[in-house]
Asker: 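I have a structure here, written as structure tokens, and I will follow up with some questions on it.
In what follows, every chain begins at residue 1, and chains take the letters A, B, ... in the order their sequences are listed.
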Amino acid sequence: MDKDRKEGIRGMANPGRYGIERVAYWLMRITGLGLLFYFIGHIYETSSLLDGKAAWNSMLELTQTTEGHIFLTLVIGMCVFHTGNGIRLMIAQSGFGLGKPRRPDYPYTPSSLNMKNKLCIYVTIGLAALAMMYGLGVMYDV
Amino acid sequence: MTKGGLLPKGFERPTVLASPSDSGVQEKYEEVKSSSKTIVLRISKFNPEKDQRTTFLEFTVPYQRWTTVLDAILEVKNNYDHSIGVRYSCRQATCGSCGMIINGKPKLACFTKISELDSDVVTVEPMNNFPVIRDLAVGFERMISTHKRIKPYIIREDSEISSGTKEFLQTPEDVEKYIQFASCIKCGLCNSACPTMATDSTFIGPQGLAQAYRYIADNRDQGKDERLKIIDERHGIWGCHFAGSCSQVCPKGVDPAMGIQMLRGYLLGYRK
Ligand code: HEM
Ligand code: SF4
Ligand code: FES
């Protein structure tokens, strides 16, 4: 362990050191996994339809609790961030919006970590927060 | 810095810099010397042949505005503990040997001033994702062998050194396309910061991938298909998630993350 100095999952769970792009990377993983769990749960939930109306309604009631509301709010946030950042990544990972290679000059600001990408990340986080607030508003009838 | 601390034997600076008649210079020297502040330097100690766990040694080291982390480590090595294992050579961000984790982030020790760290405690550890040789020195075998794997040289049938041929001409625009990637000094800081490298020990890594782009983008080179074939695998180009940390820490402005996404452009068919 000490010999190989492999950072392992610890490196992933510590996103604050390398700027907003690393935070976005971390959020993308967390939200991807979160959505995967939600997706599996969602299939289980909707499959209760096969057991008739009463089973379906009792399942729906689970989401009408405070915990249920918090959970759904998180799902909304995860959906919006994962989709928004996913679109940014698909564009950037195809080689677009990264700036052009040029002769490096001190202090060497990397052009792939440009304002366009940073703004996209901030806006996506902002949109996720707005969507969560809107969802809370609907669920709590304000 | 304390007297003679950083200079080899025989090269010590005289304590009195100027003749008594030049009192202005003498005063300035005394002023600089007495105004020198100190930090606590914490140095990671670990010898894989003997130790089970890493321990930290602490030293109080004086520093000036221009003192680098490497200067401070060598001050300790020269005056307090000769056993500290550290690798360095050029002291000017050119050889790529002094990469280490400084206060949690991968940096070149010779290119990082104590004053810019803004901290009373400076902790130095060996780079992550590299095997430790001893203390601050890590092994580069794997990085160098992946670097070689991507064929880091111009590939083409003819040659500019065989008789009757001329050198291959390039316009400034042609050079601009790859010169940034050619600045790589193989310091390994990017591999140390990379989150994929942290969990996948067979990943080619930002250093090697950026070099694949360096040669592919060079219009004298004809090895594009060969290299793309080598990197087109799960532990190659597809291991990158564009977390950008490689570019964040690169001390030479290589921007490996850009090179890697450009390479994907080729593989996805968006670039020719
Ligand atoms: C329109 C909707 C979506 C878009 C645009 C999208 C896009 C992406 C992209 C581009 C990645 C790769 C990220 C990277 O390179 O690191 C990714 C990863 C992932 N996505 Fe999605 N995704 C969407 C919806 C979903 C849904 C509904 C689920 C769950 C069922 C999901 C689960 C995951 C998981 C588990 C990962 C792997 C996480 C990682 O490697 O960081 N995604 N997604
Ligand atoms: S790309 Fe930059 S950080 Fe990586 S090895 Fe080369 S010079 Fe060092
Ligand atoms: S000593 Fe050469 S890069 Fe620092």
Asker: I need the minimum non-hydrogen distance between B:Pro106 and A:Tyr18, along with the two atoms involved.
Answerer: CD-OH, 3.2 Å
Asker: Got a sec: does the NZ of B:Lys113 have more than 12 other heavy atoms crowding it under 6.0 Å?
Answerer: no
Asker: Working to the nearest 0.5 angstrom, can you tell me the gap between B:Phe242 CZ and A:Leu113 CG?
Answerer: 6.0 Å
Asker: Rounded to the nearest 0.5 Å, how far does CG of B:Asn128 lie from CG of A:Asp4?
Answerer: 11.5 Å
Asker: So which heavy atom on B:Ala193 is nearest to which on A:Arg22, and how close?
Answerer: O-NH1, 2.7 Å
Asker: Is chain A contacted by the side chain of B:Tyr266, its backbone, both, or neither, given a heavy-atom distance below 4.5 Å?
Answerer: neither
Asker: Determine the option with the most heavy-atom pairs under 4.5 angstrom with chain A, choosing from B:Ala257, B:Gly265, B:Ala243.
Answerer: B:Ala243
Asker: Of the backbone (N, CA, C, O) and the side chain (C-beta and beyond), which part of B:Val138 lies under 4.5 Å from a heavy atom of chain A, both, or neither?
Answerer: neither
Asker: When heavy-atom pairs shorter than 4.5 Å are enumerated against chain A, which of B:Pro251, B:Cys194, B:Cys250 gives the highest number?
Answerer: B:Pro251
Asker: Does B:Asp120 have more than 12 heavy atoms from other residues, nucleotides or ligands lying within 6.0 Å of its CG?
Answerer: no
Asker: Which of the residues B:Gln261, B:Met197, B:Gln52, B:Glu176 is involved in the greatest number of heavy-atom pairs with chain A at under 4.5 angstrom?
Answerer: B:Gln261
Asker: Are B:Met258 and A:Pro110 close enough that some pair of their side-chain heavy atoms sits under 4.5 Å apart?
Answerer: no
Asker: Closest approach of B:Val175 and A:Arg103, non-hydrogen atoms and distance?
Answerer: CG1-NH2, 3.7 Å
Asker: Under a 4.5 Å heavy-atom cut-off, does chain B meet the side chain of A:Leu89, its backbone, both or neither?
Answerer: side chain
Asker: Would you say CD of A:Gln64 has more than 12 non-hydrogen atoms from neighbouring residues, nucleotides or ligands within 6.0 angstrom?
Answerer: yes
Asker: Does any N or O in the side chain of B:Asp255 come within less than 3.5 Å of the main-chain N or O of A:Ser112, such that one atom is a donor and the other an acceptor?
Answerer: yes
Asker: Should we say atom CZ of B:Phe56 is surrounded by more than 12 heavy atoms from elsewhere, each under 6.0 Å from it?
Answerer: yes
Asker: So how far is it from B:Ile101 CD1 to A:Arg17 CZ, rounded to the nearest 0.5 Å?
Answerer: 7.5 Å
Asker: A:Asn117 versus chain B, heavy atoms under 4.5 Å apart: side chain, backbone, both or neither?
Answerer: side chain
Asker: Output the option from B:Ser245, B:Pro48, B:Ser192, B:Ala217 having the highest count of non-hydrogen pairs under 4.5 Å with chain A.
Answerer: B:Ser245
Asker: Roughly how far, to the nearest 0.5 Å, is CE of A:Met12 from OG1 of B:Thr196?
Answerer: 7.5 Å
Asker: At a heavy-atom distance under 4.5 Å, which candidate from B:Lys105, B:Lys177, B:Lys252, B:Met127 has the highest pair count against chain A?
Answerer: B:Lys252
Asker: So with a 6.0 Å cut-off around CZ of A:Phe96, is the heavy-atom count from everything else above 12?
Answerer: yes
Asker: Heavy-atom distances under 4.5 Å only: say whether A:Ala92 touches chain B with side chain, backbone, both or neither.
Answerer: both
Asker: With distance as the sole test, does B:Gln180 use its side chain to make a donor-acceptor pair with the main-chain N or O of A:Arg102 at under 3.5 Å?
Answerer: yes
Asker: Side chain of B:Asn129, backbone of A:Glu7: donor and acceptor closer than 3.5 Å?
Answerer: yes
Asker: Against chain B, label A:Ser111 side chain, backbone, both or neither, depending on which of its atoms sit under 4.5 Å from a heavy atom there.
Answerer: both
Asker: Should the heavy atoms of other residues, nucleotides or ligands under 6.0 Å from OH of A:Tyr44 be counted, would the total exceed 12?
Answerer: no
Asker: Could you pull out the closest heavy-atom pair between A:Gln93 and B:Arg264, with the gap in Å?
Answerer: O-CD, 2.9 Å
Asker: Any Lys/Arg nitrogen of A:Arg5 or B:Glu125 sitting under 4.0 Å from an Asp/Glu carboxylate oxygen of the other?
Answerer: yes
Asker: Any idea which heavy atoms bring A:Ile9 and B:Thr199 closest together, and the distance?
Answerer: N-CG2, 3.9 Å
Asker: Parallel, tilted or perpendicular for B:His241 and A:Tyr25, by the 30°/60° rule?
Answerer: tilted
Asker: For B:Ser183, is it the side chain, the backbone, both, or neither that has a heavy atom closer than 4.5 Å to a heavy atom of chain A?
Answerer: side chain
Asker: Give a yes or no on this: more than 12 heavy atoms of other residues, nucleotides or ligands lie within 6.0 Å of atom OH of B:Tyr88.
Answerer: no
Asker: Based on non-hydrogen pairs under 4.5 Å, which of B:Gly244, B:Ser247, B:Pro195 is most in contact with chain A?
Answerer: B:Pro195
